[in-house]
Visitor: 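Here you go, one structure.
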Amino acid sequence: MAAPKVAVVGAGVIGLSTALCIVETCPSCSVTVLSDQFSPNTTSDVAAGMLIPHMYPGTPIHVQKQWFKETFTYLFAISNSAEASEAGIHLVSGWQVFKSTPKEELPFWSDAVLGFRPMSEAELQKFPQYQFGQAFTTLKCDCPPYLLWLEKRLKTTGVQMYNRKVSDLWELHSDYDIIVNCTGIGAHQLVGDKKLFPVRGQVLKVYAPWVKNFIRDGDGLTYIYPGIHRVTLGGTREKDNWSLSPDSGTTKDIFDRCCSLEPSLQEAQDIKVKVGLRPSRQRVRLQKEVLSQGGVKLLVVHNYGHGAGGFSVHRGTAKEAARLVGECIGALQGSLSGAKL
Amino acid sequence: MRVAVIGAGVIGLSSALCIHEQFHGLVPSLELELYADCFTPHTTSDGAAGLWQPYLSDLGNLQETLWNKETFDHLLRHLHSPAAQEMGLFLLSGYNLFTEPVPDPSWKNIVLGFRNLTPKELELFPGYSYGWFNTALMLEGRSYLPWLTNRLTQRGVKFFHKKIESFQEVGGDGVDVVINCTGMRSGELQPDPELQPGRGQVIKVLAPWVKHFIITHDVKSGIYKSPYVIPGSEFTVLGGIYQHGNWSQENSAQDHKTIWESCCRLLPALQKAKIVSEWSGLRPSRPRVRLEQESIRHGNVQGEVIHNYGHGGFGITIHWGCAMAAARIFGSILQERGKVGSSPQPRL
């Protein structure tokens, strides 16, 4: 069979990392990335890119843990190399604080991050409204640098990238053997997935270079994540809100909440407001599908619905998606040689 | 009552502020003057990265450990104040790395969250098999010194740009007490063979992705002779030079090479960092800080000098505890002279 032609639809962190994994595991494949948005205009660009997992109710914990560990290990190696600054990957330490002690004192990922331990009394004194906390060191993927670095790596392996809106997967069937659907919130329209819903997040990206530690309220709503050049202040979790327009009342609310966690933020400069729609789902949709139309089959691998946890598990889900693409290729080759699909 | 402070580094400015804060209310005639030939941003304090961290061992000098603690606690109390950012004060976490296990330092309970490094963390630093993690404070001289200067100016303290050649020069002129905060050049006012330069050199780079301090130690060589990386609010400081007895303040190409190569080996990503500037300074090193009163004659008059110098590479770390100690000595001088009642209650 000629080199299998794979189209990856979507160029956020999931699309690009999946394309890279496919190239790594199937060097003979011809991989093309198609997307109507590239960095800096993807949902990923709005996110802070912190490696702190989100819990998917519908995915087994051991699978989520595996995905997180794979992602952490991969990024850890980059952060430790000469490429770290170009890739936008850096270590950051800080605290997750709770107003009341959580039921689960040890999250499933506590042994995957570095130096995880409960906060001391002295550390908690910095957060007078909080009773309990956890200190640890994790990784942060700054965007656009990380996405641009992925794009650069893809280009050196010969992957083509095109700015193109795909309205129907069937548009691609004559040019590609396998379609990998990494369209995030776009899957709602593209494949009509009604189980996928947006969770709107508004964030502020501010200039406050003296903030070197992260601070996160365990409720997930208020957080301060220092990036390379800017600090991301968040946020909101608005289910089923499709609006991409910044809301000024929300901006003030986020700023106030973050300033009460870290008063020095009052001096933050050059506040930029961003909005993203977390592509949320009970479980990440990571599976093969064979679409059928008039006797023609179309092999699809879905990898979308990562919600608030895209960065935390991206490499793990990309590897699994690449594995599924490998299975599709095996099936295609099998059918060519006469075996049934 | 006229008081002259000599020196406008972190020690001089903070001693002046501490004394003024505590005594201007008690002594209405108090006039504070500050003399220096060198002001921010050209002092030794300006060159330092500004990390609060004492040496590994206090050598049994518990008083210095206490002054370090007083400084840390004082700064921590200011962390949430509106002034923090203007002061150049912020929290910073990071790593101390060793090639063998070492005893815990005297300051382990002063800093926040002190703990040993896990095996996985040590993977980040090949060649180092043991280490500590903790959260400490940064106090950047280039912000803190101007802030101190502003507080002093607001309080009516007068500044004089002048090189003082002798204690008599200021002492004779109706000045009752001189506070000697002249750091490295104290020997010019009064010979002190125990005061020696600990020459350091640093490279300032742009590396905003570095969010931790990393200080390596070579226990056999001694303090600051092993690479360190300290991220500030704008620049990251690379260092690792300590040359006892070297008075040169010229940047050395050999030292540049040592710092650059060893720091890039420690943090490969630094290879991509842009170099902004380079600086050499002399740590005013002494076996212990000289913080004591001395009576000095000017002709018929006896004047009091409070020495506050010899803070080596830990001036910022210890400054406020020393300023308070200097203020206590000042208070006892006032008592002796009947300027205040028997037990002054200093106002904070």
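Naming: A, B, ... by sequence-line order, numbering from 1 per chain.
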Visitor: Within the 3.5 Å criterion, strictly below it, is a donor on S93(A) or N213(A) matched to an acceptor on the partner's side chain?
Guide: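 Note: S93(A) and N213(A) side chains miss the donor-acceptor criterion.
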
Visitor: Any idea which of A84(B), G88(B), S93(B), G113(B) has the most non-hydrogen atom pairs under 4.5 angstrom with chain A?
Guide: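 So the answer, after comparing A84(B), G88(B), S93(B), G113(B), is G113(B).
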
Visitor: By a 4.5 Å heavy-atom criterion (distance strictly below it), what part of S81(B) contacts chain A: side chain, backbone, both, or neither?
Guide: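 For S81(B), neither part sits under 4.5 Å from chain A.
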
Visitor: Check each atom of H80(B) against the heavy atoms of chain A and say whether the ones under 4.5 Å are side chain, backbone, both or neither.
Guide: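 Contact with chain A: backbone and side chain both.
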
Visitor: Between R315(A) and T71(A), do the side chains contain an N or O donor and an N or O acceptor separated by less than 3.5 Å?
Guide: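 The criterion, which ignores hydrogens and geometry beyond distance, is not satisfied for T71(A) and R315(A).
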
Visitor: Pick one of side chain, backbone, both or neither for P263(A), based on which atoms fall under 4.5 Å of a heavy atom in chain B.
Guide: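 Only the side chain of P263(A) comes within 4.5 Å of chain B.
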
Visitor: Report the option among A207(B), P268(B), G232(B) that has the most heavy-atom pairs separated by less than 4.5 Å from atoms of chain A.
Guide: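 So the answer, after comparing A207(B), P268(B), G232(B), is P268(B).
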
Visitor: Just checking F136(A) against W95(A), ring centres under 6.0 Å apart?
Guide: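 Between F136(A) and W95(A), the centre distance exceeds or equals 6.0 Å.
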
Visitor: Of the backbone (N, CA, C, O) and the side chain (C-beta and beyond), which part of E86(B) lies under 4.5 Å from a heavy atom of chain A, both, or neither?
Guide: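 Contact with chain A: none, neither part.
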
Visitor: Name the member of Q271(B), R115(B), K272(B) that forms the most heavy-atom pairs with chain A at distances under 4.5 Å.
Guide: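 Counting heavy-atom pairs under 4.5 Å, the top option is R115(B).
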
Visitor: Please lay out, stage by stage, how W107(B) and W132(B) fare under the test ring-ring contact (aromatic ring centres under 6.0 Å, His included).
Guide: CA-CA 12 Å; W107(B) 41 270; W132(B) 308 323; 5.5 Å; yes

Visitor: Test ring-ring contact (aromatic ring centres under 6.0 Å, His included) on F314(B) and Y55(B) and set out the steps.
Guide: CA-CA 7 Å; F314(B) 50 90; Y55(B) 290 177; 4.9 Å; yes

Visitor: Is the closest side-chain donor-acceptor distance between T118(B) and E121(B) under 3.5 Å?
Guide: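 Yes, because at least one side-chain N or O of T118(B) sits under 3.5 Å from a partner of the opposite role on E121(B).
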
Visitor: Of the backbone (N, CA, C, O) and the side chain (C-beta and beyond), which part of Q125(A) lies under 4.5 Å from a heavy atom of chain B, both, or neither?
Guide: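 Neither part; nothing is under 4.5 Å.
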
Visitor: Against chain B, work out which of G94(A), S81(A), S264(A) has the most heavy-atom pairs shorter than 4.5 Å and name it.
Guide: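 The candidate making the most pairs under 4.5 Å is S81(A).
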
Visitor: I'd like to know if the side chain of K211(B) reaches the main chain of P208(B), judged simply by a donor and an acceptor atom lying under 3.5 Å from each other, with no hydrogens or angles considered.
Guide: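 A pair under 3.5 Å: yes.
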
Visitor: Would you mind checking which part of S85(A) comes under 4.5 Å of any heavy atom in chain B, side chain (CB onward), backbone (N, CA, C, O), both or neither?
Guide: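 Contact with chain B involves both backbone and side-chain atoms of S85(A).
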
Visitor: Where on Q266(A) is there a heavy atom nearer than 4.5 Å to chain B: the side chain, the backbone, both, or neither?
Guide: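 Contact with chain B is absent: no heavy atom of Q266(A) under 4.5 Å.
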
Visitor: Would you please indicate if the ring centroids of H314(A) and F68(A) are separated by under 6.0 Å?
Guide: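 Ring centres of F68(A) and H314(A) not closer than 6.0 Å.
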
Visitor: Which bit of L270(B) is near chain A, if near means a heavy-atom gap under 4.5 Å: side chain, backbone, both or neither?
Guide: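 L270(B) has no heavy atom closer than 4.5 Å to chain A.
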
Visitor: Hey, which of A122(A), G115(A), A84(A), S79(A) has the most heavy atom pairs under 4.5 Å with chain B?
Guide: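 Greatest number of close heavy-atom pairs with chain B: G115(A).
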
Visitor: Contact part of K126(A) toward chain B, heavy-atom cut-off under 4.5 Å: side chain, backbone, both or neither?
Guide: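 Looking at K126(A), backbone and side chain both touch chain B.
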
Visitor: Is the backbone N or O of K99(A) less than 3.5 Å from a side-chain atom of Q129(A), with the two atoms forming a donor-acceptor pair by type?
Guide: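 Not at all, since once roles are kept as given, no pair shorter than 3.5 Å links the two residues.
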
